[in-house]
Amino acid sequence: MAASTTNLSPLSSHLSKPITNKPPFYLFPQTLLNPLYFPLKPLFRTHKPHCTVSSKNPIADFFPANKPDPEPSFIPSFTDDDKPREECGVVGIFGDPEASRLCYLALHALQHRGQEGAGIVAVNNNVLQSITGVGLVSDVFNETKLSQLPGEMAIGHVRYSTAGSSMLKNVQPFVAGYRFGSVGVAHNGNLVNYRTLRASLEDNGSIFNTSSDTEVVLHLIAISKARPFFLRIVDACEKLEGAYSMVFVTEDKLVAVRDPYGFRPLVMGRRTNGAVVFASETCALDLIEATYEREVNPGEVLVVDKKDGVQSLCLLPHPEPKQCIFEHIYFALPNSVVFGRSVYESRHVFGEILATEAPVDCDVVIAVPDSGVVAALGYAAKAGVPFQQGLIRSHYVGRTFIEPSQKIRDFGVKLKLSPVRGVLEGKRVVVVDDSIVRGTTSSKIVRLIKEAGAKEVHMRIASPPIIGSCYYGVDTPSAEELISNRMSVEEIREFIGCDSLAFLPFDSLQKMLASDSQKFCYACFSGKYPVMPKEVKVKKVGDFLDDGLNGPMDSIDGGWVRGPKNIDGEKEIDPLYQQSKI
């Protein structure tokens with residue numbers, strides 16, 4: 001069962017001349033009490049709020065210090081996942097009496113963007129109420145919990161954790177109170193100047209309760225002297241560098257904002273009753289019967305309230321957009337429209353290009369499900385070869401597996417993918433996948449197909465080789481771990497054991513995008529970053545230390561990742577963050 005909470009506990013921050021003797025800025029993270037709602041009282045009142053102030057580590061109940069490590073026979077499911085991970089999905093709804101329930105459904109549609117934690121903040125009678133938890137949306141929410149979130153405004157968030165176990169206090173949306181009211185925020189993206197901003201805020205007295213870069217945004221809003229509230233958001237965002245698509249909620253407003261480069265998607269729609277909806281993908285709009293209207297433009301701030309409706313404020317400088325190309329390659333659902341383009345059509349064309357530029361004699365085309373399916377359909381259609389389901393994916397694999405004492409080779413992959421011998425035996429097979437990251441899973445898939453009797457296995461990858469780590473909200477390994485950064489195509493082919501291997505040519509990808517090609521970010525393919533990261537980032541370790549999980553440093557070896565080299569490749573921007581500094 002997922003752990004969830006509605007408790008609100010304070011976090012103090014530096015502000016000049018607070019209007020009461022209470023700390024002027026409160027962050028309300030999630031703590032493991034009970035699912036009852038503890039109302040947030042207005043901060044200008046002098047009596048004590050009805051909430052518990054506790055320094056207890058909320059995750060400790062699940063991972064006590066004296067609890068031994070899991071048995072070796074328990075194999076975490078993510079150890080065999082060799083794909084980049086989109087770290088977040090967000091949704092915001094204004095003007096619907098069932099806002100929290102619609103938010104819940106929209107988060108279901110965005111579940112592919114994050115499976116480790118989910119949360120909803122709703123506004124009722126000028127009070128922000130929050131329920132968050134670890135697990136899938138269906139694990140975190142039920143009828144009882146949704147009934148505790150009345151109101152016509154709500155925001156929601158799904159999160160993918162980079163650590164082995166998700167951290168409850170880092171699950172969004174975050175809710176904070178400051179001297180002029182309360183604010184909730186849900187964030188998709190990654191700030192490349194997070195450490196610098198956090199250090200500056202801490203020097204001025206701010207106290208942080210999470211390891212999330214989103215908390216920086218709340219502190220910046222709290223210390224801003226701009227008026228009215230949306231200008232505080234603009235003031236805060238002007239200090240941010242990197243990727244952010246965010247939705248905010250206050251007592252009477254819903255605000256959506258997208259970074260000047262538009263790295264991460266954010267769309268706007270409207271229901272027949274006039275309710276305004278923001279979401280990371282259009283698939284969320286479809287499920288709740290909202291009509292897609294447009295994207296939130298890069299650098300745009302959209303403010304929604306009862307008095308003025310929807311106001312568009314392009315107050316942030318917006319250079320040429322650099323939208324994430326991997327949304328079309330892997331992250332987004334095929335039925336979504338992202339950056340104004342159909343994801344399905346993009347992937348189908350990727351497959352057609354592969355069939356044209358890397359043809360091979362074959363008897364059948366199959367896909368690595370689910371993300372390779374549409375590209376495989378495009379390949380098969382162009383090559384005039386039948387597409388068949390040669391690999392069947394299990395959708396019922398849990399977080400951990402119990403392996404027999406007699407080890408099974410490629411156990412994790414076999415749990416997820418089952419070959420169809422009748423399709424593969426004696427055949428020359430083209431296998432279409434969306435990407436190769438480390439190459440470990442690809443080698444196991446090739447072996448699985450050959451063990452099912454395939455005569456030849458030809459891998460076709462519907463993206464260019466990935467040579468650089470992403471710093472804009474995608475969990476990718478360090479450059480040293482990326483197989484295409486270390487090996488040639490022929491060396492990769494030998495490593496994964498296939499008969500031939502071809503990637504989508506980078507030039508062909510740009511040609512397909514035509515006049516829009518300059519609007520996309522290709523940093524993971526080219527190593528050229530639109531916003532140069534100035535700091536190290538944490539990968540794999542995620543929130544391991546900050547959130548109280550116990551374990552030796554050796555168990556998270558390789559978690560700290562160096563910043564990328566500069567354009568000339570002469571030196572690192574930032575040295576490896578030493579463990580002694582943690």
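The structure displayed is predicted, hence computed values, not measured ones.
- Under 3.5 Å, the side chains of Ser212 and Glu215 contain no donor-acceptor pair of N or O atoms.
- Contact annotation: the side chain of Ser200 approaches that of Asn204 to within less than 4.5 Å [non-hydrogen atoms, C-beta and beyond].
- Residues forming a ring-ring contact (aromatic ring centres under 6.0 Å, His included) with Phe263 (at least two apart in sequence, or on another chain): Tyr261, Tyr472.
- Under the ring-ring contact (aromatic ring centres under 6.0 Å, His included) criterion, Phe350 pairs with no residue, sequence neighbours left out.
- In this structure, the side chain of Ser346 engages the main chain of Ser342 through a donor-acceptor pair within 3.5 Å.
- Phe331 is listed as a side-chain neighbour of Cys324, based on a closest heavy-atom distance under 4.5 Å.
- The line from CG of Asp259 to CD of Glu241 is 11.5 Å long, rounded to the nearest 0.5 Å.
- Asp434 and Ser463 share no side-chain donor-acceptor pair at under 3.5 Å.
- Salt-bridge formation is not detected for the pair Glu345/Arg341: no Lys NZ or Arg NE/NH1/NH2 atom is positioned less than 4.0 Å from an Asp or Glu carboxylate oxygen.
- Here the side chain of Glu281 pairs a donor or acceptor atom with the backbone of Leu333 at under 3.5 angstrom.
- Considering CG of Asp139 and CG of Leu136, their distance stands at 4.5 Å, rounded to 0.5 Å.
- Contact between Leu107 and Gly156 at its shortest, heavy atoms only, is CD2-C, 3.7 Å.
- Only one option out of Leu220, Val185, Ile221 pairs with Ile233 in a side-chain contact (heavy atoms from CB on, under 4.5 Å); it is Ile221.
- Note: Cys103 SG to Leu149 CG = 9.0 Å, rounded to the nearest 0.5 Å.
- Using a cutoff of 4.0 Å between basic side-chain nitrogens and carboxylate oxygens, Glu202 and Arg195 are not scored as salt-bridged.
- Gln111 contributes a side-chain N or O that, together with a main-chain N or O of Gly114, makes up a donor-acceptor pair within less than 3.5 Å.
- Aromatic pair Phe174/His157: ring centres not closer than 6.0 Å.
- With hydrogens and angles disregarded, no donor-acceptor distance shorter than 3.5 Å links the side chain of Arg258 to the backbone of Pro265.
- The ring-ring contact (aromatic ring centres under 6.0 Å, His included) search around Phe248 returns none, not counting sequence neighbours.
- A distance of 9.0 Å separates NZ in Lys253 from CE in Met153, rounded to the nearest 0.5 Å.
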